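Atoms within each ligand, like the ligands themselves, are counted from 1 in listed order. The structure presented is a predicted model; accordingly, all values stated were derived computationally and were not measured.
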Amino acid sequence: MEDKKEQTFIAIKPDGVQRGLIGEIIKRFEMKGFKLVAMKMVHASKEHLEKHYEDLKGKPFFPTLIKYMSSGPVVAMVWEGEGVVKTGRVMLGETNPANSKPGTIRGDFCINVSKNIIHGSDSVESAKKEIALWFKDEMVKYDSCAFDWLYQAAVPIPTDQ
Ligand code: DAT
Ligand code: MG
């Protein structure tokens, strides 16, 4: 059974913040039906970002990536819902915006891989690691009134209508 409480770490990168895309990006996740369970603006340190991107340490673009990500505030968020990690990646588009389809966030709002405006966890495991790195006991607990409308089997239409 799918986990309706699956969580992913999404971050609007410094270029997304500067270009006024915060609302548009949040809107897409919200309208899809995912639930926002944590959000904050952070101007992350180089050390923090090196930890976040530790898997890419050997890549030639690593220093540029860290400089870019630490160049201004980011909007760090945790979104929850069935399949949110995989669907979140689909909503983001490909790493390189040039390969991202229109309708995706990177496909619609950016051009170059070094300024691709948004981060999203690539697996449930990395989501857990990233959420633990960015948020310490800052997750809120609440029931969404839309939950049943998103997940519950449809109620049959009465025959007298
Ligand atoms: P993603 O962000 O889609 O998960 P990734 O984890 O492979 O992609 O890389 C992290 C970020 O590093 C990516 O969003 C942008 C940057 N990056 C990746 N490949 C790059 C490249 N070839 N040149 C410049 N920056 C790159
Ligand atoms: Mg990645």
Side-chain angles (χ1 to χ4, degrees), residues 2-140 150:
E2 292 288 335
D3 179 12
K4 297 176 178 59
K5 296 259 173 209
E6 185 176 302
Q7 294 182 336
T8 193
F9 175 69
I10 299 290
I12 305 171
K13 296 180 177 181
D15 47 340
V17 172
Q18 292 293 340
R19 293 183 49 217
L21 295 169
I22 299 172
E24 174 64 35
I25 289 169
I26 291 176
K27 179 179 159 208
R28 290 185 177 211
F29 280 84
E30 207 175 26
M31 288 182 80
K32 175 73 176 164
F34 291 129
K35 182 177 154 187
L36 184 60
V37 293
M39 178 165 76
K40 63 181 174 186
M41 277 193 103
V42 201
H43 196 148
S45 68
K46 288 203 159 75
E47 294 70 34
H48 182 87
L49 292 159
E50 280 165 9
K51 226 178 268 171
H52 172 76
Y53 280 127
E54 66 183 2
D55 294 352
L56 301 172
K57 213 159 197 153
K59 302 281 185 192
F61 58 82
F62 187 75
T64 322
L65 173 64
I66 300 301
K67 199 172 165 204
Y68 153 57
M69 288 296 292
S70 61
S71 67
V74 303
V75 176
M77 297 175 279
V78 179
W79 287 89
E80 184 178 283
E82 192 174 80
V84 71
V85 170
K86 189 161 172 255
T87 303
R89 292 285 296 194
V90 174
M91 290 165 68
L92 260 60
E94 300 298 318
T95 302
N96 187 343
N99 302 327
S100 300
K101 291 202 167 65
T104 65
I105 293 165
R106 287 168 174 165
D108 286 347
F109 302 120
C110 52
I111 296 168
N112 191 280
V113 69
S114 65
K115 295 284 182 293
N116 64 0
I117 72 167
I118 185 163
H119 167 83
S121 310
D122 63 6
S123 68
V124 173
E125 282 61 43
S126 49
K128 283 185 181 145
K129 263 175 61 184
E130 290 170 6
I131 291 166
L133 176 67
W134 288 83
F135 291 95
K136 319 267 179 225
D137 298 325
E138 291 159 277
M139 228 80 77
V140 291
L150 290 160

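The nearest protein atom to atom 20 (C) of ligand 1, hydrogens excluded, is given as Phe61 CE2, 3.4 Å; this is a heavy-atom distance. Looking only at protein heavy atoms, the nearest one to atom 4 (O) of ligand 1 is Arg89 NH1, 2.7 Å. Looking only at heavy atoms of the protein, atom 15 (C) of ligand 1 is closest to Val113 O, 3.4 Å.
Within the 4.5 Å cutoff, the side chain of Lys5 has heavy atoms near those of the Glu80 side chain.
At a 3.5 angstrom cut-off on N or O pairs, Ser114 does not count as close to ligand 1. For ligand 1, one of its N or O atoms has an N or O atom of Thr95 under 3.5 Å away. Considering backbone and side-chain N/O atoms, His119 never comes within less than 3.5 Å of an N/O atom of ligand 1.
Atom OG1 of residue Thr64 and atom NZ of residue Lys67 lie 8.0 Å apart, to the nearest 0.5 angstrom. Annotation: the span from Ser71 atom OG to Ile66 atom CD1 amounts to 11.5 Å, rounded to 0.5 Å.
Residue Lys13 approaches ligand 1 through these ligand atoms, each under 4.0 Å from one of its heavy atoms: 13 (C), 14 (O). Listed by number with element, the atoms of ligand 1 under 4.0 angstrom from any heavy atom of Asn116 are 13 (C), 14 (O), 15 (C). Residue-ligand proximity, Leu56 to ligand 1, at heavy-atom distances under 4.0 Å covers atoms 6 (O), 9 (O), 10 (C). Within ligand 1, counting atoms from 1 as listed, the ones closer than 4.0 Å to a heavy atom of Leu65 are 11 (C), 12 (O), 16 (C). Counting atoms of ligand 1 from 1 in the listed order, those under 4.0 Å from a heavy atom of Tyr53 are 10 (C).
With a 6.0 Å cutoff to the six-membered ring centre and a 45° limit on the axis angle, Lys40 counts as a cation-pi contact of Phe135.
Put simply, the side chain of Lys136 gets close to the backbone of Ala132: a donor and an acceptor are under 3.5 Å apart. Put simply, the side chain of Ser70 never gets that close to the backbone of Ser45: no donor and acceptor are under 3.5 Å apart. In this structure a side-chain-to-backbone donor-acceptor pair under 3.5 Å is missing from Asn116 to Pro97. With Arg19 contributing its side chain and Ile117 its backbone, the two residues share no donor-acceptor pair below 3.5 Å.
At a heavy-atom cutoff of 4.0 Å, ligand 1 is contacted by the side chain of Arg106 but not by its backbone. With a 4.0 Å cut-off on non-hydrogen atoms, Met69 does not touch ligand 1 at all.
Between Phe9 and His52, the ring planes lie perpendicular to each other; the angle is over 60°, past the 30° to 60° tilted range.
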